[in-house]
Amino acid sequence: MANAIWKTLLPYVLPEVDKCPKAQIVHEIRRAAIDFCQRSQVWHVDLDYLFYPAGVATAHLEPPREARVCEVLSVRTLGDQPLEPVENFTATTEAVTLVAVPTVDTKMIAHVALKPTLASTGMPEGIMEDWGREIAYGAIAALKAMRGREWEDVPGAQIKNELFEEGIAAAKIRVITGGAKRSLTVQPRSFF
């Protein structure tokens with residue numbers, strides 16, 4: 001998956017804070033993207049196999065370059081059998097530890113939510129296309145809330161922050177519903 005760079009969002013942010021240095025804008029775009037991804041869990045992937053050599057119960061997570069794990073969402077066997085958290089494993093943002101120590105070499109699959117790192121240059125293109133405007137709102141809100149700057153605009157910051165929060169809520173809903181665009185309400189059907 002190709003990465004879109006942070007500067008891609010400059011056209012959304014720059015007109016709102018035109019006197020702000022571009023480097024500061026890019027920093028706030030990155031920070032907003034980290035917050036957006038952490039809170040919405042919109043960026044989620046299966047990591048490469050977790051390998052447990054016989055006698056070892058912990059495997060370290062290896063996220064893609066320029067990304068960090070926010071949360072382990074699920075763990076499953078190669079045969080697609082889900083493991084129950086606490087009963088079968090515990091997880092941190094760094095590793096997954098099985099409750100039962102494997103007696104043979106074992107591989108598992110971890111499905112995780114990711115966020116960009118502070119040193120990242122971008123994030124997956126699809127996420128940027130779907131949620132770039134909302135991420136830009138978060139950056140604008142942070143920039144406009146900076147006291148004593150030429151671009152300070154506290155009421156404008158509050159408006160953009162509300163749009164950012166609405167974006168996070170919409171992303172969470174899309175994640176929960178699996179991307180369904182229509183209502184998930186089912187109407188009862190009469191059989192007579």
Side-chain angles (χ1 to χ4, degrees), residues 1-9 26-136 138-139 164 167-182 184:
M1 180 181 296
N3 268 1
I5 59 173
W6 302 126
K7 290 181 181 179
T8 306
L9 297 180
V26 169
H27 172 76
E28 289 303 329
I29 290 170
R30 181 184 303 112
R31 186 212 49 80
I34 291 168
D35 190 27
F36 188 89
C37 289
Q38 172 125 15
R39 293 174 54 206
S40 70
Q41 297 186 342
V42 74
W43 185 7
H44 50 95
V45 299
D46 284 342
L47 294 181
D48 290 339
Y49 300 124
L50 297 175
F51 180 66
Y52 299 89
V56 177
T58 299
H60 293 280
L61 299 170
E62 295 183 29
R65 205 174 117 246
E66 298 193 359
R68 292 207 52 204
V69 173
C70 306
E71 184 177 341
V72 174
L73 302 173
S74 66
V75 175
R76 62 186 192 281
T77 66
L78 295 185
D80 251 1
Q81 294 298 318
L83 299 181
E84 292 297 320
V86 182
E87 183 180 318
N88 298 111
F89 74 92
T90 58
T92 67
T93 58
E94 303 291 326
V96 175
T97 302
L98 300 175
V99 171
V101 177
T103 56
V104 297
D105 290 355
T106 305
K107 289 183 181 178
M108 299 283 178
I109 299 169
H111 189 71
V112 300
L114 299 174
K115 64 181 178 180
T117 64
L118 282 173
S120 62
T121 57
M123 64 188 302
E125 230 172 64
I127 296 171
M128 190 82 83
E129 286 178 11
D130 290 349
W131 303 105
R133 187 178 302 268
E134 288 76 9
I135 291 168
F164 180 63
I168 290 171
K172 283 181 183 179
I173 290 168
R174 189 177 297 175
V175 168
I176 290 167
T177 62
K181 302 246 190 250
R182 297 183 306 152
L184 296 177

Asker: What are the two closest non-hydrogen atoms of Glu134 and Phe164, and how far apart are they?
Answerer: O-CD1, 3.1 Å
Asker: Please report the closest heavy-atom contact between Pro102 and Tyr52, naming both atoms and the distance.
Answerer: CG-CB, 3.8 Å
Asker: Are Ile34 and Arg68 close enough that some pair of their side-chain heavy atoms sits under 4.5 Å apart?
Answerer: no
Asker: Drop me the distance from His44's NE2 to Ser74's OG, to the nearest 0.5 angstrom.
Answerer: 10.5 Å
Asker: Which atom names give the shortest non-hydrogen contact between Val175 and Gln41, and what distance separates them?
Answerer: CG2-O, 3.6 Å
Asker: Taking side chain to side chain donor-acceptor pair (under 3.5 Å) as the test, write out the residues that go with Thr97, two or more places apart.
Answerer: Thr58
Asker: Using side-chain contact (heavy atoms from CB on, under 4.5 Å) as the criterion, point out the one residue from His111, Glu84, Met108 that pairs with Val75.
Answerer: Met108
Asker: Closest approach of Glu87 and Val99, non-hydrogen atoms and distance?
Answerer: O-CG2, 3.6 Å
Asker: Nearest heavy-atom pair of Gly138 and Ala32: which atoms, and what distance?
Answerer: C-CB, 3.8 Å
Asker: Hey, could you give me the CG/CZ distance between Leu118 and Arg30, rounded to the nearest 0.5 Å?
Answerer: 7.5 Å
Asker: Without swapping roles, check the side chain of Trp131 against the backbone of Ala33 for a donor-acceptor pair under 3.5 Å.
Answerer: no
Asker: Using side-chain heavy atoms (C-beta onward) and a distance below 4.5 Å, is Cys70 in contact with Trp43?
Answerer: no
Asker: Side chain of Asp105, backbone of Ala54: donor and acceptor closer than 3.5 Å?
Answerer: yes
Asker: Should the heavy atoms of other residues, nucleotides or ligands under 6.0 Å from CZ of Phe51 be counted, would the total exceed 12?
Answerer: yes
Asker: Can you name the residues that form a side chain to side chain donor-acceptor pair (under 3.5 Å) with Glu62, not counting sequence neighbours?
Answerer: none
Asker: If you measure from CG on Leu61 to OG1 on Thr93, what distance do you get to the nearest 0.5 Å?
Answerer: 8.0 Å
Asker: Hey, what do you get for CZ (Phe36) to NZ (Lys115), rounding to the nearest 0.5 Å?
Answerer: 15.0 Å
Asker: Side chains of Thr121 and Glu66: closer than 4.5 Å at any heavy-atom pair?
Answerer: yes
Asker: Do Val112 and Val45 touch side chain to side chain, with heavy atoms closer than 4.5 Å?
Answerer: yes
Asker: Of the non-hydrogen atoms in Leu83 and Thr77, which two are nearest, and what is the gap between them?
Answerer: CD2-CG2, 4.3 Å
Asker: Are Val69 and Leu114 side-chain neighbours, meaning at least one heavy-atom pair lies under 4.5 Å?
Answerer: yes
Asker: To the nearest 0.5 angstrom, please state how far the NZ atom of Lys107 sits from the CG atom of Asp48.
Answerer: 10.0 Å
Asker: Could you measure the distance from the CZ atom of Arg65 to the OG1 atom of Thr117? Nearest 0.5 Å is fine.
Answerer: 9.0 Å
